[in-house]
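A short write-up of the structure that comes next.
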Amino acid sequence: MDKRLNSKQIKNLINLDKKNIWHPFTQMADWVKDVPSQPLIIERAKGSYLYDANGKKYIDGVSSLWLTLFGHRNKKIDSAVKAQLAKVAHSTFLGLTHVPAIELSQKLLNVLPKNFTKVFYSDNGSTSVEVALKMAYQYAKTQNPKTKKQSFLSLKNAYHGDTVGSVSVGGMGIFHSIFKKMLFKNFFAPSPYCYRCPHRNSKGIMPFYNKAKGFKEHCKTTGCAGQCLREVEVILKKHHNEIAAAIIEPLVQGAAGMITMPKGYLSAFAAMCKKYNVLLICDEVATGFGHTGKMFAIEHEQIKPDFICLSKGITGGYLPLAATITTEKIYKSFLGKYEDFKTFFHGHSYTANPLACAAANATLDIFKDEKIIDRNAEKLKYFTALLNKLSRHKNVGQIRQCGFMVGIEIVKNSNTGESFDFKLKTGAKICAALRKRGIILRPLGDTIIILPHLTISKTDIAHIVNSIETELNAL
Ligand SMILES: *Cc1c(COP(=O)(O)O)cnc(C)c1O
């Protein structure tokens, strides 16, 4: 085994990091000053745990940002990548093909609804969305060269990635508003954020949500989610001739703080797209591969979108890979003579990287061979029971859970829903404190996110939830 770094080496490395590196989604002024927690060098990992350069062990409570599925250094994925490494690490996918990508295409189609027939690879979630948007746009043009279908419909609070196309359909003010002038026109429908429903009545707070009793059956047309859907329909009715596709994160708006959609919302949304002849893109970059308790979120409401975007968990969290998967109808519209210029002119250098495809093949084999989805049902019940108990805490506004995806919205006063002043960085401070307890979480504002490995133990789940409670008591 390698010798452990000594404290002087660690200090030098951290200084070098601060001197040379610009980290993503990070206020570097805070990073340089160690606010609210010190930079941590992750040196190795095993199973559900990360180990820092000092050898301290942490539960990887957000799966290295929603990626790792079966723990770190999974034997089957490790050996699949090593075996592929002995053959070829990379060769282009433009005009050539290779075994792992071919095998993977079949494995993906086998676990998806039968309307999907064609797999287009890329290398990250944002590009998988970008590809779907461009395909939908080009499809509309090939159907009718004079089409006005040049815009998209998405939801407020949506997150679809960081490239300019995916930001254009993104609805998160704090990430996206500064880039407004760079972006293309988009129609935004309300986010089905029931806890902070914009249709609450004038008398008080949250008429549709009662902390003790939970939600009313608000998906019947009279409730607030009914209103969200009605607003989707208003846009579609008026503008469907301008909309090439609607894009949605099915069941959970992840980056917005795990905003879970009320039952029935997704299928109603999909039905409306059909009714108004608007293509539907489901961005399952976060929800895919078991995170919602089923293989894909679309299975919960049995919808059949025109595109599905996959990335994050696709390689078990090992390597960058993405897939945009679509139907025969879309694919066929791109066929023609070379000189017709119907070709889809899009592709990335590392498209369908063979090492990543090998990891993805092993990942799909593990799901099948180890019956991961079925075997996790009981663990999820246990997780839910612990969260239900935590939801009674006076500083917990709402706990949103969809399978392994959990958002705990921390508030100053759970009777009124009043938030803490955002300058207090309450979420970040709680996570900094949890780090001392051997738990790595990354909050989204004041929503504490838990998205553990599908293979996490019940003991570790309990440790995470109980430690959050302890830190809330200390607020
Ligand atoms: C993370 C995420 C993306 C972006 O994926 P990257 O690989 O980070 O580009 C897109 N859509 C959703 C729903 C995501 O959660």
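Note that ligands are numbered from 1 as they come in the structure, with each ligand's atoms numbered from 1 the same way. All heavy atoms count here, side chains included; hydrogens, waters and symmetry mates do not.
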Checklist entry - Any chance CZ of R442 has more than 12 other-residue heavy atoms, nucleotides or ligands included, within less than 6.0 Å? => result no

Next on the checklist: Rounded to the nearest 0.5 Å, what separates atom CD in E284 from atom OG in S311?
Outcome noted: 12.5 Å

Checklist entry - Out of curiosity, M258 CE to L444 CG, how far, rounded to the nearest 0.5 Å? => result 7.0 Å

Item to check | Nearest-contact summary for atom 1 (C) of ligand 1 - protein heavy atom, Å | outcome: K312 NZ, 1.6 Å

Checklist outcome for this item: protein heavy-atom neighbour closest to atom 6 (P) of ligand 1 works out as G125 N, 3.5 Å

Checklist entry - Is there a protein heavy atom at a distance of less than 4.0 Å from atom 8 (O) of ligand 1? => result no

Below 4.0 angstrom from a heavy atom of [X], which ligand 1 atoms are there? Numbered from 1 as shown, please.
X    : value
G161 : 4 (C), 10 (C)
H160 : 10 (C), 11 (N)
S126 : 4 (C), 5 (O), 6 (P), 9 (O)
A286 : 15 (O)

Item to check | Mode of E249 contact toward ligand 1 - side chain, backbone, both, neither (heavy atoms, under 4.0 Å) | outcome: side chain

Checklist entry - Parallel, tilted or perpendicular for F404 and F383, by the 30°/60° rule? => result tilted

Checklist entry - Does even one non-hydrogen atom of D283 get within less than 4.0 Å of ligand 1? => result yes

Checklist entry - Is there a nitrogen or oxygen of N124 sitting under 3.5 Å from a nitrogen or oxygen of ligand 1? => result yes

Next on the checklist: Please check: side-chain N/O of N124 versus main-chain N/O of T127, any donor-acceptor pairing under 3.5 Å?
Outcome noted: yes

Checklist entry - Short question: side chain of T260, backbone of V252 - any donor-acceptor pair under 3.5 Å? => result no

Checklist entry - Under 6.0 Å between ring centres, would you say that holds for F307 and F116? => result no

